[in-house]
> 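Okay, here's the structure, questions in a sec.
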Amino acid sequence: MGLEKEKLDTSIIMDEDEFNRSIEPMLKKKGEVYEEDRDPNDINAHLKVGFEDVIAEPISTHSFDKVWVCSHATFELIKFFFYRLLTTLLAVPLAFILGLLFGVLSCIHIWLVMPALRGFMMVLPSLQVLWRSLTDMFITPLFLSMGKCLSSIHVKTSEK
């Protein structure tokens, strides 16, 4: 009665960069600004894993589009929420332990290792002179005389 039904195809068009990003920017309010990069040196570049890096359907085998979109959203949401949950539980204790570890290592390096190395570097020139004198007095004459004695030996091989 005057109303006609029209069959429409549903499609989602997203920029590739936006599609690969985490779901976090989608959960923010419109007025918020995207946060700064917390990994400016790309220390964890190998952890930038997207849905396409884990699940990939070749051209010959495709699931339904709605299943694909739903599984993509599920993957991103679960990854996002579990990361948030685990960092909430583990970040502060691990930061404490790692801060303690790196503090102890820095202290040992600054107050023990470097002074010991500097001390060795100061003593090494004297030890080098002493070692050179000992080799010149004992080892060099020994090997020179052994060389002169053994140089007069001639070995001949003959086939029988």
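Quick caveat: nothing in here was measured; it's all calculated off a predicted structure.
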> Please tell me if the side chains of Lys48 and Asp42 come closer than 4.5 Å, counting only heavy atoms from C-beta onward.
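Heavy-atom side-chain distance check passes, below 4.5 Å.
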> Once rounded to the nearest 0.5 Å, what's the spacing between atom CG of Asp65 and atom SG of Cys70?
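The distance works out to 12.5 Å.
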> What closest approach, in Å, do Lys148 and Ser151 show between heavy atoms, and which atom pair accounts for it?
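For Lys148 and Ser151, the tightest heavy-atom pair comes out as O-OG, 2.8 Å.
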> Where do Asp136 and Pro141 come nearest, in terms of heavy atoms and distance?
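Distance-wise, the nearest heavy atoms are O-CD, 3.3 Å.
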> First locate atom CG of Leu142, then atom OG1 of Thr135, and finally report the distance between them rounded to the nearest 0.5 Å.
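Taking CG in Leu142 and OG1 in Thr135, the distance rounds to 12.0 Å.
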> Tell me whether Ile97 shares a hydrophobic cluster with Val104, the cluster being built from Ile, Leu, Val, Met, Phe, Trp, Tyr side chains joined at under 4.5 Å.
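Result: no, two separate clusters.
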> For a 4.5 angstrom cut-off between non-hydrogen side-chain atoms, does Trp68 reach Glu57?
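Yes, side chains in contact.
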> What's the separation between atom CD1 in Ile139 and atom CH2 in Trp131, rounded to the nearest 0.5 Å?
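If we round to the nearest 0.5 Å, Ile139:CD1 and Trp131:CH2 are 5.0 Å apart.
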> Say you draw a straight line from CG of Asn41 to CG of Asp37; how long is it, rounded to the nearest 0.5 Å?
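One gets 9.0 Å once the value is rounded to the nearest 0.5 Å.
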> So how far is it from Gln128 CD to Ser126 OG, rounded to the nearest 0.5 Å?
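Between Gln128 CD and Ser126 OG, I get 9.5 Å after rounding to 0.5 Å.
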> For the hydrophobic clusters of this structure (ILVMFWY residues joined by side-chain heavy atoms under 4.5 Å, transitively), does one cluster hold both Phe138 and Leu130?
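Hydrophobic grouping puts Phe138 with Leu130.
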> Counting N and O atoms only, with roles assigned by atom type, does the side chain of Lys79 sit under 3.5 Å from a partner on the main chain of Val49, one being a donor and the other an acceptor?
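At least one qualifying donor-acceptor pair exists.
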> If hydrophobic clusters are built from ILVMFWY residues whose side chains come within less than 4.5 Å, do Met114 and Leu112 share one?
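Shared cluster, yes.
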> Quick check: are there more than 12 heavy atoms from other residues, nucleotides or ligands sitting under 6.0 Å from CE of Met137?
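Yes.
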> Treat each ILVMFWY residue as a node, draw an edge where side-chain heavy atoms are under 4.5 Å apart, and state whether Val123 and Met121 are in one component.
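Yes, because Val123 and Met121 connect within a single hydrophobic cluster, where side-chain heavy atoms sit under 4.5 Å apart.
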> Mind checking the OG1-OH spacing from Thr88 to Tyr83? Nearest 0.5 Å is all I need.
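One gets 9.5 Å once the value is rounded to the nearest 0.5 Å.
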> Please check if Leu94 and Leu89 belong to a single hydrophobic cluster, counting links between Ile, Leu, Val, Met, Phe, Trp and Tyr side chain heavy atoms closer than 4.5 Å.
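Same cluster: Leu94 reaches Leu89 through Ile, Leu, Val, Met, Phe, Trp or Tyr contacts under 4.5 Å.
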> Indicate the atoms forming the closest heavy-atom contact of Pro125 with Met122, along with that distance.
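That closest heavy-atom pairing would be CD-O, 3.4 Å.
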